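By convention in this document, chain letters (A, B, ...) are assigned in the order of the sequence lines, proteins followed by strands, and residues within each chain are numbered from 1. Quantities reported herein were computed from a predicted structural model and do not represent experimental measurements.
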Amino acid sequence: MNEGERLTELAKRRGFYFPAADAYGGAAGFWTYGPQGAALKDNIEDAWRDRFVVQAGHQEISAPDVMPEPVFEASGHLDGFDDMIVECGECGATHRADHIVEDNTDIEEAESLPNEEVMEIIASNDIPCPSCQASLADEPVDNFNLMFETNIGPGSSSPGYLRPETAQGIFVEFPQLSEYARNQLPFGVAQIGKAYRNEISPRKSLVRVREFTQAELEHFVDPEEDEPPLSTVEDVTLPLYSGERQQADDGSVEQMTVGEAVETGVVTSDWVAYYLGIARDWYERIGIDMDRFRFRQHLPGELAHYASDCWDAEAEIDGDWIEITGFAYRGDYDLQKHAEYSGDDYTVFKQYDEPITVERPTVDPEMSYLGPEFGGDAQAVADALEQLAADDPDAFDGEEVSVDLDGESVTVPVDQTGFSVEEITENGEHITPHVVEPSFGVGRLIYTVLAHAYTEDEVDNETRTYLELPPEQAPTTVGVFPLMDRDGLGEYARQLAEGLRQAGHSVTYDDSGAIGRRYRRQDEIGTPYCLTVDYESLGDPEGDADPENLQTDTVTIRERDSTAQKRVSIDGLAETVERLVGGELTFDDL
RNA sequence: GCGCUGGUAGUGUAGUUGGUAUCACGUGACCUUGCCAUGGUCACAACCCGAGUUCAAAUCUCGGCCAGCGCACCA
């Protein structure tokens, strides 16, 4: 079994995740998180929230999963997510119609052409099926949209779509969100939520699915003035796999600090570099193996149309590199689009330190002259004069001024134009913010964390499987066991478990079978600590304990990774466990 | 979406001249067990779905669904 298979088996057996609706044959690309998986997902989301919202001083929102069509017309998903496909009647292979047209003709951007035209181009150019060379001349060109479509309300007059990314829910609400940020750049808005893509072929359990959770941050910045606090991350070492490195033969990763990456220009955007640094430490915190991790730069050909520089965080599993986060500098693309399509204001007013006075040439044409002189063209002449004043105020220096009207030059006396140069005080300007976007795939993070946490070792000549999860991420914090369920050990342990639960810990109580078996159960779900109530806890002088030195009201605490045990007092135990989980205390300190 | 391979208790598996299913782990109960999958007894639990062939289908045929891999796809 390879890593992925072992993980899938463990995930199903122990309740991390499994195919959804299996009773009805299931549906490809949909997974249910079981009790352990849902808890792990919550913990990872909480850790993300802690770092990218709370510590970063950003705000979190929750937008709808369904949005009306115009949102996706503006975002470009309606066209961009809509693939033109043509199916070969001979071999049945499906191809991107626009791609084969681009490959076989001089036409670029075939995607923007209507389907019928693409079909005609295929026929008239005799483009064959790339798989079997059969003629595609009479094959219809169809659309396949990766977005799930639905209807809002009765009938089909109001189409809606399940969002293919959470980001648009932030962009579309920018005017309101900006208001909440008191219109002060920079500010960040985060969202953790579901996104949906009707993928052609879901693969590799949680890696490519049709419904998934994204954790996205949209950091809105003033491109002219705002700088990331690079000094806080400049010494963080990044494993960078630049475009240049990818094209070189050895294809090796280069270890470089954030500071060096910015200085040498390997990462062109300071903002992206900043987030790579933040994210790298965060990945380590949630348990991703930094020896199986890299940041890969998008090659020029794979860059999205809106992005200038883009890096993916990738993790290695079974020799494959899986994208777990995309870091994009999206510029002002998204806000511009929504401004254009909605007509609303997606800018921020940026006040100057000092108001500035500018000279602005203006015209105030004498319409009672232009009207009789130019008739129906009078307004066009006035507009042309206004444009000329802005472009070339010197043209108004003489007695007459000429403007171009539909290729014809017309002349107007300057004294009829009302030309003047006004002094105007400007207090600031409207700018469209740029956006820096780290976008995390939560399911893929879970998959990676589990794969990297999966460990086997040997205890007393037996193979032991355990998940080396950081205590903070572990679905269950502590297992509580009586050594045996008799002589009051069980009652004592149940009370202990209850007390820990009331203190907010995620506790599993288990009195079934031998103690070793119970430890192994917890090992497999990554529970970092187990507490065992034994006879010494009760003050029973029988057995192993030194009767002269009985430590009543103590329990043993066992560490998952080392299987080492220590004896701790039940006084303040909830707090001790909390400090262990929080990393303020190590097991060795006990 | 195409192709290849596969689908048997919760998990991993055995099982082709067609006759209702093997083993292990697991789960539960009881006994044993004074700290790392103890031993014992008992119990629970499966042939992916549908159609066809047949007296009879886990087994043969067809279709579907699902999984893994390859191709394609991944604004």
Side-chain angles (χ1 to χ4, degrees), chain A residues 1-2 4-6 8-15 18-30 34 72 75-83 85-88 90-96 98-100 111 129-132 142 144-147 164-165 197-205 207-209 302-307 318 320 323 326 333 458-466 481-487 489 512-524 530-538 540 542-545 555-558 560 562-565 567:
Chain A
M1 270 205 282
N2 66 27
E5 289 165 343
R6 273 195 326 233
T8 302
E9 187 263 311
L10 177 72
K12 186 165 186 191
R13 194 160 45 79
R14 288 296 180 198
F18 54 92
D22 208 28
Y24 294 98
F30 296 93
F72 302 111
S75 70
H77 287 98
L78 211 51
D79 287 334
F81 256 35
D82 202 11
D83 291 338
I85 55 169
V86 59
E87 189 176 340
C88 173
E90 202 65 36
C91 70
T94 310
H95 303 281
R96 282 281 295 266
D98 50 327
H99 286 187
I100 60 175
E111 199 175 356
C129 169
S131 305
C132 71
D142 292 324
F144 179 78
N145 197 313
L146 253 44
M147 283 196 294
E165 61 175 15
R197 294 182 193 179
N198 202 359
E199 295 284 354
I200 295 171
S201 127
R203 282 292 156 91
K204 281 189 182 160
S205 65
V207 176
R208 197 199 294 185
V209 292
E302 78 185 293
L303 274 179
H305 48 282
Y306 51 73
D318 284 325
D320 289 334
E323 177 192 345
Y333 177 84
E458 219 165 79
V459 175
D460 294 340
N461 296 320
E462 295 264 12
T463 303
R464 178 180 73 125
T465 298
Y466 66 105
F481 315 141
L483 190 55
M484 274 160 296
D485 187 12
R486 66 176 198 212
D487 302 333
L489 292 171
S512 146
I515 191 83
R517 180 187 302 267
R518 291 179 249 158
Y519 286 138
R520 301 299 172 87
R521 276 187 190 131
Q522 295 306 314
D523 287 341
E524 272 201 329
C530 290
L531 303 172
T532 300
V533 173
D534 58 14
Y535 284 92
E536 191 167 353
S537 307
L538 303 183
D540 185 334
E542 298 298 317
D544 292 346
V555 294
T556 61
I557 182 167
R558 176 241 194 207
R560 176 195 63 204
S562 64
T563 76
Q565 282 181 298
R567 184 161 281 280

*Can you tell me how far P in B/A14 sits from the matching atom in B/C23, rounded to whole Å?*
14 Å

*With RNA chain B as reference, determine whether A/Ser201 or A/Arg486 sits nearer its 5' end, using the nearest nucleotide of each.*
A/Ser201

_Checking contacts here: which listed nucleotide (B/U11, B/A37, B/C74) is nearest the side-chain heavy atoms of A/Glu462?_
B/A37

*Using 4.0 Å as the upper bound for N to carboxylate O, is an ion pair formed by A/Glu462 and A/Arg520?*
no

_Closest nucleotide among B/U11, B/C35, B/A37 to the A/Glu9 side chain_ = B/U11

*asked:* Under 6.0 Å from the ring centre and within 45 degrees of the ring axis: does the NZ or CZ of A/Arg518 meet both conditions for the six-membered ring of A/Phe481?
replied: yes

*A/Glu524 CD to B/C25 C1': how many Å, rounded?*
11 Å

*If the C1' atom of B/C60 is compared with that of B/C47, how far apart are they to the nearest Å?*
16 Å

*Taking all heavy atoms of A/Pro164 and all of A/Phe72, pick out the closest pair and write down the distance.*
CD-CE2, 3.5 Å

*Expressed as a whole number of Å, how far does the P atom of B/A67 sit from that of B/U11?*
15 Å

*asked:* If I pick the C1' atom on B/U33 and the same atom on B/U20, what distance separates them, to the nearest angstrom?
replied: 40 Å

*For B/U22, measure the glycosidic angle (O4'-C1'-N9-C4 for a purine, O4'-C1'-N1-C2 for a pyrimidine) and name it syn if it falls within 90° of 0, otherwise anti.*
anti

Set out, line by line, the N/O atom pairs under 3.5 Å between protein and nucleotides 62-68 of chain B.
unit_1, atom_1, unit_2, atom_2, d
B/C65, O2', A/Gly25, O, 2.8
B/C66, OP1, A/Ala28, N, 3.1
B/C66, O4', A/Gly25, O, 3.3
B/G68, OP1, A/Lys204, N, 3.3
B/G68, OP1, A/Ser205, N, 2.9

*Whole angstrom value for the distance that separates P of B/G34 from CG of A/Asp487*: 11 Å

*Within a strict 4.5 Å, meaning less than it, do heavy atoms of the A/Arg197 and A/Arg208 side chains meet?*
no

_Using only atom types and a distance under 3.5 Å, with no angle test, would you say the side chain of A/Asp318 pairs donor to acceptor with the backbone of A/Gly4?_
yes

*Any chance you could measure A/Ser512, atom OG, to A/Arg521, atom CZ, to the nearest 0.5 Å?*
4.0 Å

*Would you confirm whether A/Asn2, through its side chain, and A/Glu5, through its main-chain N or O, come within 3.5 Å as a donor-acceptor pair?*
yes

*Given the P atoms of B/C69 and B/U13, what is the spacing between them in whole Å?*
16 Å

*Does some side-chain heavy atom of A/Glu536 sit less than 4.5 Å from a side-chain heavy atom of A/Val555?*
no

*Look at the side chain of A/Asp460 against the base of B/C36 and say whether a donor-acceptor pair falls under 3.5 Å; ignore hydrogens and angles.*
no

_Whole angstroms only, please: what is the CZ-P distance between A/Arg567 and B/G34?_
16 Å

*Whole-Å distance between B/A72 C1' and A/Glu199 CD?*
13 Å

*Please state whether the base of B/C36 and the side chain of A/Arg558 form at least one donor-acceptor pair under 3.5 Å?*
yes

*Ignoring hydrogens and angles, tell me if any N or O in the side chain of A/Asp487 forms a donor-acceptor pair with the backbone of A/Leu489 under 3.5 Å.*
no

*To the nearest Å, how far apart are A/Leu489 CG and B/U33 P?*
14 Å

*Determine the interatomic distance between C1' on B/U22 and the same-named atom on B/G64; round to the nearest Å.*
30 Å

_Using Watson-Crick or G-U wobble geometry with both distances under 3.5 Å, which nucleotide pairs with B/G10?_
B/C25

*Distance between the P atoms of B/U27 and B/G68, in whole angstroms?*
27 Å

*Under the 3.5 Å rule, do the base of B/C35 and the side chain of A/Gln565 count as making a donor-acceptor pair?*
yes

*Specify the separation, in whole Å, of atom CE of A/Met484 and atom C1' of B/C31.*
14 Å

_Regarding B/C35, can its base be found pairing with the side chain of A/Thr556 as donor and acceptor, where the two atoms are less than 3.5 Å apart?_
yes

*For A/Asp523, all residues meeting salt bridge (charged side-chain N to carboxylate O under 4.0 Å, His left out), sequence neighbours excluded*: A/Arg464, A/Arg558

Please produce a list of atom pairs where a protein N or O lies less than 3.5 Å from an N or O of nucleotides 26-28 of chain B.
unit_1, atom_1, unit_2, atom_2, d
B/G26, OP1, A/Arg517, NH1, 2.4
B/U27, OP1, A/Arg521, NE, 2.6
B/U27, OP1, A/Arg521, NH2, 2.8
B/U27, OP2, A/Arg521, NH2, 3.4
B/G28, OP2, A/Ser512, OG, 3.4

_Atom-to-atom span, CZ of A/Arg560 to C1' of B/A37 - whole angstrom_ = 18 Å

*asked:* Looking at every heavy atom in both A/Asn145 and A/Asn198, which two are closest together, and how far apart are they?
replied: O-CB, 4.4 Å

*Measure from CZ on A/Arg208 to C1' on B/C74 and round the result to the nearest Å.*
5 Å

_I want to verify a distance call: between B/C35, B/A37, B/A72, whose nearest atom is closest to the A/Asp534 side chain?_
B/C35

_Under a 3.5 Å cut-off for both contacts, is B/C60 paired Watson-Crick or G-U wobble with anything, and if yes, with which nucleotide?_
B/G52

*Do the non-hydrogen side-chain atoms of A/Tyr519 and A/Gln565 ever get within less than 4.5 Å of each other?*
yes

*Ignoring the backbone of A/Leu483, work out which of B/C36, B/C35, B/A37 is nearest its side chain.*
B/C35

*What integer number of Å spans the C1' atoms of B/A29 and B/U17?*
45 Å

*Go ahead and name the base partner of B/G68; Watson-Crick or wobble counts if both distances stay under 3.5 Å, otherwise write none.*
B/C4

*Kindly point out which of B/C35, B/G10, B/C36 is positioned nearest to the side chain of A/Thr563?*
B/C36

